Amino acid sequence: MTIVELDGSVGEGGGQILRTALSLSMCTGVPLRIERIRAKRPKPGLMRQHLSCVQAAQAISGAAVSGAELGSQSLAFCPGEVRAGHYRFAVGTAGSCTLVLQAVLPALMQAEGISRVELSGGTHNPMAPPFHFIERSFIPLLRRMGVGVDASLRRHGFYPAGGGEIDVAICPPADGLRAFDLLERGEPRDLYAESLIPALPRRVAMLELQALADAFGWGPEQLRVPAVRQNEGPGNALMVTLAHAHVTEVFTSFGEKSLSAEQVAARVIAEVRAYQGACAAVGPHLADQLALPLALAVHRQGTSAAYTCSEMTEHARTNLAVIQEFLSVRGEFHRCESGWRVNISAHQR
Ligand code: ATP
């Protein structure tokens, strides 16, 4: 029997290897064994958030699993058939809902039927895709592949209190995933910044937004403080949304006790400037997250697809390497005029 065996310490050496491998094990039905999980992290092995991903993957695929314990550095995962359905996953306090969604979405968007996934935990966590990134950046690209996806935010959840809620409806494409090229971002359509600031002083948001206005020369209509229920805090996410004709990017920085409003703004300004300095289609986070669904489409169609990105992170490189362990695709990347170009093409094993 074919099995994919992975060393979790290679490349980026963190939780992304686990999530990508779980997703692809379920999509292909190929069992997975992974050793040295998160070996490059100060606390290696499965943390609560990673364990939640394994448990969610087990729930949707009926997998036989061993090693699913906190701190475990090895895991064996043998998936059954992925079942569409109505699932609820409680990630626990502020564990990231969106990373659990990232693990189960590829399998559910290829399942036989419509699914609904309700997640509770953190919706705006550092080092994870914030809900608004998933909604505005990632989901529209899945729709372009033919997947019906709708996500709604019922309640914000910030670190450390958590308590956020996300509801996602997934309708697989009737005739399979479609690959596409994404080489240019297109004309700018709508550029704006928002400061989410439940249970913290509004003046912090005003200082953050003013710093962005000064940096980008933006007017008041581009600066927003969305209404957020006070009991969903305390928390602070400063988000910059850049909607272009072919892709929308969302860059986020998070308030911390030790940081001034100006420092929080400076972090996101640096990310936006790096993206604007390149003219590639996607930024560093979409670059690693787009690879998997696009590779699934390429694998199914036996075609090829390409995208350009402003940065080629270790996450993106590692993701491409893991993808090639499961799918009959080749993922290559090289520098190009606009930044980096990633080519994913089908090949016979
Ligand atoms: P670790 O094992 O390092 O503790 P982890 O399992 O919590 O990590 P990572 O392996 O670092 O997570 O993966 C984080 C994922 O979240 C990546 O896909 C990354 O692109 C995404 N991500 C992180 N920050 C953002 C952000 N600001 N916007 C969008 N996506 C983000």
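Both counts, for ligands and for their atoms, begin at 1 and track the order of listing. Any value given below was found using the heavy atoms of this structure, including those in side chains, with hydrogens, waters and symmetry copies removed. Everything numeric in this text was worked out from a predicted model, so none of it was measured.
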Q. Polar-atom distance check: Arg41 versus ligand 1, any N or O pair below 3.5 Å?
A. yes
Q.
For His315, which part has a heavy atom under 4.0 Å from ligand 1: side chain, backbone, both, or neither?
A. side chain
Q) So which heavy atom in the protein is nearest atom 4 (O) of ligand 1, and how far is it from that ligand atom? A) Arg38 NH2, 2.9 Å
Q) Which residue and non-hydrogen atom of the protein lie closest to atom 14 (C) of ligand 1, and at what distance in Å? A) Met127 O, 3.4 Å
Q.
Quick check on the 6.0 Å ring-centre criterion: do His124 and His132 meet it?
A. yes
Q | Check: Asn125 side chain, Ala94 main-chain N or O, donor-acceptor pair, under 3.5 Å | A | yes
Q. Counting each atom of ligand 1 from 1 as listed, which ones have a heavy atom of Glu12 under 4.0 Å away?
A. 10 (O)
Q: Using a strict cut-off of less than 4.0 Å between a Lys/Arg side-chain nitrogen and an Asp/Glu carboxylate oxygen, indicate whether Lys40 and Glu314 qualify as a salt bridge.
A: no
Q: Tell me whether the centres of the aromatic rings in Phe251 and Tyr275 are closer together than 6.0 Å.
A: yes
Q: May I ask whether Arg19 has any heavy atom positioned less than 4.0 angstrom from an atom of ligand 1?
A: yes
Q: Write out the residue and atom name of the closest protein heavy atom to atom 16 (O) of ligand 1, then the distance separating them to 0.1 Å.
A: Pro129 CD, 3.3 Å
Q.
Check this for me: does any side-chain nitrogen of one of Arg143 and Asp150 sit under 4.0 Å from a carboxylate oxygen of the other?
A. yes
Q) Which heavy atom of the protein is the closest neighbour of atom 20 (O) of ligand 1, given with residue, atom name and distance? A) Asp288 OD2, 2.5 Å
(Q) Under a 4.0 angstrom heavy-atom cut-off, which atoms of ligand 1 come close to Phe133? (A) 29 (C)
(Q) I'd like to know if Glu256 pairs up with Arg267 as an ion pair, taking the criterion as any Lys NZ or Arg NE/NH1/NH2 lying under 4.0 Å from an Asp or Glu carboxylate oxygen. (A) yes
Q. Can you list the atoms of ligand 1 that are under 4.0 Å from a heavy atom of Pro130?
A. 26 (C), 28 (N), 29 (C)
Q) Taking heavy atoms and a distance under 4.0 Å, where does Pro126 meet ligand 1: side chain, backbone, both or neither? A) neither
Q: Quick one: look up the protein heavy atom nearest atom 8 (O) of ligand 1 and list residue, atom name and how far away it is.
A: Gly15 N, 3.8 Å
Q | cation_pi(Arg224, Tyr192) dist<6.0 Å, angle<=45 | A | yes
Q: Look at atom 21 (C) of ligand 1 and say which protein heavy atom is nearest, naming residue and atom and giving the distance to 0.1 Å.
A: Gln289 NE2, 3.5 Å
Q) In terms of side-chain heavy atoms, does Gln102 have a donor or acceptor partner in Thr98 at a distance below 3.5 Å? A) no
Q | Parallel, tilted or perpendicular: rings of Phe89 and Tyr87 (30°, 60°) | A | parallel
Q. Looking only at non-hydrogen atoms, which of His132, His285, His50 approaches atom 5 (P) of ligand 1 most closely?
A. His50
Q: Mind listing the closest non-hydrogen atom pair of Val322 and Leu24 along with its distance?
A: O-CD1, 4.3 Å
Q: Give the residue, atom name and distance (to 0.1 Å) of the protein heavy atom nearest atom 17 (C) of ligand 1.
A: Gln16 OE1, 3.3 Å
Q. Do the charged groups of Glu187 and Arg189 touch, with an N to O distance under 4.0 Å?
A. no
Q. In terms of atom number and element, which parts of ligand 1 are under 4.0 angstrom from non-hydrogen atoms of Gly14?
A. 2 (O)
Q: Could you tell me whether Leu99 and ligand 1 have an N or O pair separated by under 3.5 Å?
A: no
(Q) Against ligand 1, does Glu271 come closer than 4.0 Å with any heavy atom? (A) no
Q.
Same cluster or not: Leu207 versus Leu209, using hydrophobic residues (I, L, V, M, F, W, Y) connected whenever any side-chain heavy atoms lie under 4.5 Å apart?
A. no
Q.
Checking a contact table here: which protein heavy atom is nearest atom 7 (O) of ligand 1, and how many Å away?
A. Gln49 NE2, 3.1 Å
Q) Does ligand 1 have any atom sitting under 4.0 Å from a heavy atom of Gln102? A) yes
